[in-house]
Amino acid sequence: MSDTRDYKTTLNLPKTAFPMKANLAQAEPATLARWQKQGVSAAITASRVNAPKFVFHDGPPYANGSIHVGHLLNKVLKDLVVRSAIMEGRGCHYVPGWDCHGLPIEHRVMTGLVESGKAAKLETLSDEHRRMAIRRECAAYAAKFIKTQAAQMQRLLTLADYENPYFTMQPEYEAGTLEVFAGLLEKGYVFRQLKPVHWSIANRTALAEAELEYEDRVDPSIYVDFEAADTSKVDSAFGVECDCKPSFMIWTTTPWTLPANLAIAVHPRHKYALVEMDGALTIVAAEMLDKVAAVVGATAVSKKAEALGSALVGLEYRHPFCDRTSRIVAAEYVTMEDGTGLVHTAPGHGDDDYRTGLREGLEIYCPVRDDGTFDETAPKWLQGKVVWDGNALVIEHLRTSGHLVHALQFTHSYPHDWRSRTPVIFRATEQWFIGVDRPAGSGASANSAANTGATTSTSLRAMALEAVSKTVKFFPEWGRNRLRGMLESRPDWCISRQRSWGLPIPAFRQADGSVFMTAASVRAIADCVKSKGSDAWFTLAPTELLAAYDASKDPDAPKSLDIASLAKMHDIFDVWFEAGSSWHSVMRQRGVGFPSALYLEGSDQHRGWFQLSLLPALGVTGKPPFDALVTHGFLVDKDGRKMSKSLGNALEVDTLLKDYGAEVARWWVSGVAYDGDIRIDLDYFKVAGDSYRKVRNTLRFLLSNLFDAPAWSDEEVRALALGAPPESLVGWLMGELAQLEAEARAGYAAYDFRKVHLAIFNFCNETLSAIFCAAAKDRLYCDAANSPRRRTTQAAASVTMEVLCRLLAPILPHTAEEAWTALRGENAPVLFTQTHYGVKANRDARWTDVMIACAGVSKAIEVAKTTGIDNPLDAAVIIPDPHGTLAPFLPELADLCGVSQVTLDRSATSVVVRDLRQDGGAGRCDRSWRRDGTVRVRSDGGALSDRDALAVGV
RNA sequence: GCGCCAGUAGCUCAGCUGGCUAGAGCACACCGCUGAUAACGGUGAGGUCGAAGGUUCGAGUCCUUUCUGGCGCACCA
């Protein structure tokens, strides 16, 4: 036994400093620090100065809280794009961004101020000072989380210009947003119109959904008869003839909105009944009849006729106390759960009603002032009264006039102002819109609200649909339909918000009450904001804000403009408008490039960033801001349920990084099928960790066998490895390697990272570990160190490493670089300054049969194990080779099959396994443990094969 | 309620325009190696392709309905 062990020192056993254990949680931060210290990012940029650009643009996450696994997925996918573009030799200046404005932050800050008692103090300040105080708090809040998130994103090893990120609250960014707005204004897409919003009477302000609290409230619930205007038309709709006048019975819990009633909505496909109820002829939904009769306490009910809602559409009725006639309209949202099936419709007091009103061309009428009192357009007996008192007055009036069928008290959940805890109302207010159906050129200032449609230019919607159908590429393809569907049905874009934390819409009110805002005035203010930030709107006077504005050069300027008497208005932009301007505020303004090759976001952004970037860009430039859209699905838990804190199934990014490291997370992301739902669970990270280790170990094996490789030049290794005969093991490997490189690069180019991941894994697992490494071991360990066969094999290992490091780099930047350094030495150039290796080799189709033959041998050996063979090296096999196709590969077959001897037999029909330990077998070489038939006792007393004797020199 | 997407072995996924006994990796079981060793190699057992109808000589693949889950929208007057 001792003599066999002696030979171990004569073997070329592998050696490497590349550790088996990655220790990622510790090693990654160290790598990160080193990259920063060495200016790796700058080196990469420098290496791509003259390279063709890949323009890629980051959609801004919201600067709130820590990053979650959704961010991890999104940011890593984006990094795969960035890094793979760089490895293809492209320059990619990737600017990370954050969305800073908006209600979620303002809401949190306000909550904080209320809790700390500072809110009361704010109330004592003037409007502008209060707004500024809130804005300062919000800005600090956003800045804090940008810092947190930027550090977390860098910890994911993402490559981006973190030195110069973009924030939507940066002055230059804000100015860019205003420029985009000016462009839309100039083209006539912007207009001002009434729209109902949640309105707090106590605070005289609009509220967002998030600022509402639902509490129970007791309201009157009333049933009201609206008299038909033309009896005969009703008769013909129902196909009957009656003498008395019918009424349409509606139900409402907000009697005070009745003055604004401009329509009654019915469901077109539900049946309505004409009934005589206690002597009065009335119309209610057929299926609501019993319920209604019971509620109003009708004693004598008889149904006269029925008709579909659609038959009623167009019938007219007289308003019970306003002097006007309105008509019946159809609406899909009418339900048969409460009320009468006929819905009181006041376009100025409800969102549905508003939409219906727009569709039907009704006035968005709202006779309620911001203090909650009725204005002079309301009936005299209501004017000046608060809406809550209006309820009783309306009921009393209806009772007196005989229109009230029934009234009762009704408890329901009703929205309240979260701060004043008072009930809110729905009230139409003037809002800014971007019209999606207005043709361009329909007016250059906000004052020309009338849409004449006199031009032939196409609308934003038409342009967007055109782009989505024809120009833009989608990965996956179904995104096209999705975006198209949304664009087809989207309403005009309401871009104004009544908040403090945001970019002001720079509109002024003139002394006569009209609004002043033109493309030129907005551009002048953009100039001001560029240097002073949007706070300037709150701190400067109109004359200062408009310092760069020259009315005499503005064709849209109103005739008698008096800048000194202007009053600033207080709407801010919808944050989506800001984010949707980033193609200009970042990509054009910074000269990064326009349009972008790609936007990559979650599928929710079809409604969000994708669409709301597309519209402004088309409006201003006529071009989409992106050539292609990549969409990923959402993360769900292993049972397919969505992740949420309340379900307790959310994974913490920090935990993942600590337990697995960023690279395992990146490896996992790269392997995921990201269209559709993505299941995520710690178990999957364990799996990803296992396969990461498999790849790592394979790299380690190759590296460890290069410990004594000569210092070849690039040309020398290429020549050595790629010049190997196609029938040799190395020749085969080079063919496989070329195939891998092509496949992986194609995968990266198509954003099909999973394909890359699988190709690399299968290559490491199968091609290398199971086949090449196993077969090459013997020659690497036992051949004379300098034998041509061993050197060629080493050259192949070296080339394989060169290729693998590059292919892995986008996914595993840390590990790839670690391996690259182990391969090239400490002075190796930065991996990301390299480009793909370019393996010039072809697969030889004859190898397919060889591999099938080897698989046959494995099976035969497995059978032989049941009858005595333990170690395949004790076996010799005879392989059938009926057509002689295997013959050229004979020298490699023993190593490939892991046996000691192979012979080919044209007449054999199945693999024959012979145990070489038996009589007539072959002796075992003390050094290589093989029985190749040349083993005999040598001069040093050991039993060695010819090859080993030569290697040892005996 | 509407639009889009997904549902194939325990898990993650391939299966293109319909056509050989439905594939891969992981996990699992068993075996081997002990000179990649908290590594490595081999073999094997796992599926009524979410369900029900239909078209067809033939369907995981096409059509209809349905169930489950995800994203978005709408609804709650």
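Lettering of chains follows the sequences in order, A, B, ..., and the numbering in each one begins at 1. Basis for what follows: all heavy atoms, side chains included, without hydrogens, waters or symmetry-related copies.
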Asks: Within the pair A/N765 and B/C26, is there a side-chain N or O less than 4.0 Å away from OP1 or OP2?
Replies: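 Checking B/C26 against A/N765, a side-chain N or O does come within under 4.0 Å of OP1 or OP2.
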Asks: Can you measure A/E766 atom CD to B/A14 atom P for me and round it to whole angstrom units?
Replies: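 It is 20 Å, rounded to the nearest whole Å.
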Asks: Considering Watson-Crick and G-U wobble pairs with both distances under 3.5 Å, what does B/C2 pair with?
Replies: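 B/G72 is the nucleotide pairing with B/C2.
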Asks: Looking only at atom C1', what distance separates B/A39 and B/G60, rounded to whole Å?
Replies: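 One C1' to the other, the span is 39 Å.
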Asks: Which nucleotide sits closest to the side chain of A/S769: B/C31, B/A36, B/G35?
Replies: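 So the side chain of A/S769 is nearest to B/A36.
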Asks: Using a cut-off of strictly less than 4.0 Å, decide whether A/K8 has a side-chain nitrogen or oxygen near OP1 or OP2 of B/G35.
Replies: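 So the side chain of A/K8 is within the cut-off, an N or O lying under 4.0 Å from OP1 or OP2 of B/G35.
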Asks: Counting heavy atoms from C-beta on, name the nucleotide in B/G70, B/C75, B/G41 closest to the side chain of A/R355.
Replies: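 Out of B/G70, B/C75, B/G41, the nucleotide with an atom closest to A/R355's side chain is B/C75.
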Asks: Look at all strands and tell whether A/S691 reaches a base, only sugar-phosphate, or nothing, counting heavy atoms closer than 4.0 Å.
Replies: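 Here A/S691 touches no strand at all.
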Asks: Using the side-chain contact (heavy atoms from CB on, under 4.5 Å) rule, take A/F18 and A/L823 through it: C-alpha gap first, then chi angles, then the decisive distance, then the call.
Replies: CA-CA 9 Å; A/F18 185 81; A/L823 177 72; over 6 Å; no
Asks: By nearest atom, which of the nucleotides B/C26, B/C13, B/U37 is closest to the A/R754 side chain?
Replies: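 That would be B/C13.
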Asks: Using a heavy-atom cut-off of under 4.0 Å over every strand shown, decide if A/R693 touches base, sugar-phosphate, or nothing.
Replies: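 If one applies the 4.0 Å heavy-atom cut-off, A/R693 turns out to touch nothing in the nucleic acid.
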Asks: Would A/F610 and A/H606 count as a close aromatic pair, with their ring centres under 6.0 Å?
Replies: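 Yes, the ring centres sit under 6.0 Å apart.
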Asks: For B/G35, is there a stacking contact with A/Y7, counting only centres under 5.5 Å and planes under 30°?
Replies: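 No; centroid distance or tilt outside limits.
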Asks: May I ask which nucleotide in the shown strands pairs with B/G32, Watson-Crick or G-U wobble, both distances under 3.5 Å?
Replies: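 B/C40 - that is the nucleotide pairing with B/G32, both distances being under 3.5 Å.
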Asks: Could you report the tightest heavy-atom contact between A/H757 and A/S670, atom names first, then the distance?
Replies: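 Scanning both residues completely, I find the closest heavy atoms to be ND1-OG, 2.9 Å.
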Asks: Heavy atoms from C-beta onward define the side chain here; which of B/G70, B/G35, B/A36 lies closest to that of A/D677?
Replies: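 Minimum distance to the A/D677 side chain belongs to B/G70.
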Asks: Distance check: side-chain N/O of A/S603 vs OP1/OP2 of B/C5, anything under 4.0 Å?
Replies: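 False: A/S603 side-chain N/O out of range (4.0 Å or more) of B/C5 OP1/OP2.
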Asks: For a quick check of understanding: with a heavy-atom distance under 4.0 Å over all strands, which category does A/A774 fall into, base, sugar-phosphate or nothing?
Replies: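 Contact class for A/A774: none.
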Asks: Have a look at A/N481 and say if it touches a base, only the backbone sugar-phosphate, or nothing, with a 4.0 Å heavy-atom cut-off.
Replies: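 Here A/N481 touches no strand at all.
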Asks: Tell me which nucleotide, if any, is Watson-Crick or G-U wobble paired with B/A59 when both distances must be under 3.5 Å.
Replies: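 Pairing partner, where one exists within any strand: none, as none qualifies.
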Asks: Are any of the side-chain heavy atoms of A/R666 and A/V669 separated by less than 4.5 Å?
Replies: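 No, side chains not in contact.
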Asks: Report the residue (A/F761 or A/G485) whose heavy-atom-nearest nucleotide on RNA chain B is the more 5′ of the two.
Replies: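 With A/F761 and A/G485 compared, the 5'-side residue is A/G485.
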Asks: When rounded to the nearest Å, what value does the distance between P atoms of B/U21 and B/U64 take?
Replies: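 Taking atom P in both B/U21 and B/U64, they lie 28 Å apart.
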Asks: It should be established whether A/K777 places a side-chain nitrogen or oxygen under 4.0 Å from OP1 or OP2 of nucleotide B/A36.
Replies: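 It does, given that an N or O in the side chain of A/K777 lies less than 4.0 Å from OP1 or OP2 of B/A36.
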Asks: Considering heavy-atom distances to RNA chain B, does A/G339 or A/C782 have its closest nucleotide positioned more toward the 5' end?
Replies: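 So the residue in question is A/C782.
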Asks: To the nearest Å, how far apart are A/D690 CG and B/A27 C1'?
Replies: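 In whole Å, B/A27 C1' lies 9 Å from A/D690 CG.
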Asks: Does B/U37 have OP1 or OP2 under 4.0 Å away from a side-chain N or O of A/R700?
Replies: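 Indeed, a polar side-chain atom of A/R700 lies that close.
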Asks: Please report, rounded to the nearest Å, how far the C1' atom of B/C73 is from the CH2 atom of A/W493.
Replies: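 Spelled out: CH2 on A/W493 to C1' on B/C73 is 17 Å.
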Asks: How would you label the contact of A/S704 with the nucleic acid (heavy atoms, under 4.0 Å): base, sugar-phosphate, or nothing?
Replies: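 Counting heavy atoms under 4.0 Å across all strands, no contact is made by A/S704.
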Asks: Could you state the atom-to-atom distance from CG of A/L682 to P of B/C11 in whole Å?
Replies: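 Whole-Å distance recorded here is 18 Å.
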Asks: May I ask you to evaluate whether A/Y781 reaches the phosphate of B/A36, defined as a side-chain N or O under 4.0 Å from OP1 or OP2?
Replies: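 Yes, because at least one side-chain N or O of A/Y781 sits under 4.0 Å from OP1 or OP2 of B/A36.
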Asks: Applying a 4.0 Å non-hydrogen cut-off, can you work out what A/P872 is touching in the nucleic acid: base, sugar-phosphate, or nothing?
Replies: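 Sugar-phosphate, no base atom in range.
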Asks: Closest to the A/R607 side chain: B/A74, B/G72, B/A36?
Replies: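 Nearest nucleotide to the side chain: B/G72.
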Asks: Is a salt bridge present between A/E862 and A/K865, judged by a nitrogen-to-oxygen distance below 4.0 Å?
Replies: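 Salt bridge flag = yes for A/K865 with A/E862.
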Asks: Heavy atoms only, 4.0 Å cut-off, all strands: where does A/R482 land among base, sugar-phosphate and nothing?
Replies: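 Since a base atom lies under 4.0 Å of A/R482, the category is base.
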Asks: Do the side chain of A/N705 and the main chain of A/F701 share a donor and acceptor less than 3.5 angstrom apart?
Replies: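 Yes.
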Asks: Quick one, A/R754 with A/Y674, criterion side-chain contact (heavy atoms from CB on, under 4.5 Å). Give me CA distance, side-chain angles, the key distance, then yes/no.
Replies: CA-CA 9 Å; A/R754 180 177 162 77; A/Y674 64 74; over 6 Å; no
Asks: For A/K694, which contact category applies under a 4.0 Å heavy-atom criterion: base, sugar-phosphate, or nothing?
Replies: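 Touches sugar-phosphate only.
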Asks: Starting the side chain at C-beta, find the nucleotide from B/G72, B/U37, B/U43 nearest to A/K859.
Replies: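 Nearest to the side chain of A/K859 among the choices is B/U43.
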Asks: From the options B/U37, B/A74, B/G42, select the nucleotide whose nearest atom is closest to the side chain of A/E862.
Replies: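 When the side chain of A/E862 is considered, B/G42 is the closest of B/U37, B/A74, B/G42.
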Asks: Calculate the interatomic distance between A/F634 atom CZ and B/C4 atom P; express it in whole Å.
Replies: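 Atom CZ in A/F634 sits about 19 Å away from atom P in B/C4.
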Asks: Among B/U43, B/U37, B/U12, which nucleotide has an atom closest to any side-chain atom of A/R679?
Replies: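 Selected nucleotide (nearest to the side chain): B/U12.
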